[in-house]
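The structure appears right after this line, and notes come after that.
For ligands, and for the atoms within them, numbers begin at 1 and follow the listed sequence. Computed from a prediction, not measured in an experiment: that's the story for all the values here.
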Amino acid sequence: MTSPSLGVGLIGYAFMGAAHSQAWRTAPHFFDLPLHPRLSVLAGRDPARVADAAQRLGWEATETDWRAVIARDDVDLVDVCTPGDTHAEIAIAALEAGKHVLCEKPLANTVAEAEAMAEAAARAARNGVRSMVGFTYRRVPAIGLARQLVAEGRLGTIRHVRAQYLQDWIADPAAPMSWRLDKQKAGSGALGDIGAHIVDLTQHITGQALTGVSAMLETFVKERPLPASAGSLSGVGGEGTGTVTVDDAAVFLGRFAGGAVATFEATRFALGRKNAIRIEINGSSGSLAFDFEDMNVLHFFDGDEPAETAGFRRIVVTEPGHPYVGNWWPAGHGLGYEHGFTHQVVDLVTAIAKGEDPTPSFADGLQVQRVLDAVERSAANNSSFTEI
Ligand code: SOE
């Protein structure tokens, strides 16, 4: 028996659009989904480029205006993969039109926008319309296992949280301007783009919220060459240089609701680190450590073991009993970056079919936005401790 379909309209086809496309295509082939995603329409402003992307990525039709996507009868869910400055307008319009929404992170560029989105999501949920923010790393199996270990009490009381998100793609001052370096479009720099992930992940794993931060932000390279031509959504092409209006690095201390103290570092200037999401958590009876550059592995120290034989255990998180893994390959064969997006689709579609609100919700996205905002306020105020 075939399951009923869920028509998807995807807005944006760059890096995230491509990642989401493969997830919508792949999920029903590996998971038994209660609704079958239909790749109804892909939207982008440039007709030739969006047509080319739709063919490459497997979409049935194209539109050049996101409003037309929302208006289509073959679209039940709108997937927002555009820069942050358009998230609020598109997501709210889609929810008001009765379409489910998946929105890329960070949820918005400001707390005010995120609040409006969370309110729209709460109103829509009363009519059975669902929404989710795309903190995709939650769906990495090793992260799922880390959360389980904390929830089972294997770490005891959490005392330290240490989180880094390290990239190096703009360490070269000759790397061109892009929308990610423009505050108008992106809201913030390393802070919102990658810092948002470690804020979400550490809160997700510990099950606790950050309550305050003390922060420093830095922009190392303030002028960059403009790219030769504007990409479909970048809007920053041309001759000469452009001014970087966001942070290149964000460093902050944090306090969690349960009393743990935390350090966070998000930078795109960590030469040699490509996508290193490093999280170490120390509790009263155990510790865990994760690095996305070795994403199928979780390190766990069990403080209850005899000192003589205790040590960090390297768990290869590829057993069928590990989160999501049973639907993929035999043990030891490993998953990659794209699988997190596929798992995101699985959880979203399952929640929609069950009539439940998926997580992370827009309210969760708003809470992360409040942390980012507190980081910016603290940094602007000589790193003073700022409550969230
Ligand atoms: C760019 O820094 C980026 O693509 C982020 O925007 C993504 O969220 C992260 O998954 C990888 O890096």
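- The main-chain N or O of Thr82 is found under 3.5 Å from a side-chain atom of His87 such that the two form a donor-acceptor pair.
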Please list, one pair per line, the donor and acceptor atoms closer than 3.5 Å that link side chains of residues 60-70 to other protein atoms, with sequence neighbours excluded.
| unit_1 | atom_1 | unit_2 | atom_2 | d |
| --- | --- | --- | --- | --- |
| Glu60 | OE1 | Arg38 | NE | 3.1 |
| Glu60 | OE1 | Arg38 | NH2 | 2.9 |
| Glu60 | OE2 | Arg38 | NE | 3.0 |
| Glu63 | OE2 | Arg72 | NH1 | 2.9 |
| Asp65 | OD1 | Arg67 | N | 2.9 |
| Asp65 | OD1 | Arg67 | NH1 | 3.3 |

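- No donor-acceptor pair closer than 3.5 Å links the side chain of Arg278 to the backbone N or O of Ala289.
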Pairs under 3.5 angstrom only: tabulate donor-acceptor contacts from the side chains of residues 299-307 to other protein residues two or more places apart or in another chain.
| unit_1 | atom_1 | unit_2 | atom_2 | d |
| --- | --- | --- | --- | --- |
| Asp302 | OD1 | Asp304 | N | 2.9 |
| Glu305 | OE2 | Arg313 | NH2 | 2.5 |

Enumerate donor-acceptor pairs with a distance under 3.5 Å from any side-chain N or O in residues 357-366 to protein atoms, sequence neighbours excluded.
| unit_1 | atom_1 | unit_2 | atom_2 | d |
| --- | --- | --- | --- | --- |
| Asp357 | OD1 | Arg130 | NH1 | 2.7 |
| Ser361 | OG | Ala363 | N | 3.3 |
| Ser361 | OG | Asp364 | N | 3.1 |
| Ser361 | OG | Asp364 | OD2 | 3.2 |
| Asp364 | OD2 | Ser361 | N | 2.9 |

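- Sorted by chain and number, the heavy-atom contacts of ligand 1 below 4.0 Å come from Phe15, Lys105, Tyr137, Tyr165, Gln167, Trp169, Arg180, Asp193, Ile194, His197, Asn275, Tyr337.
- Remark: the backbone N or O of Ser40 is not paired with any side-chain donor or acceptor of Asp74 at under 3.5 angstrom.
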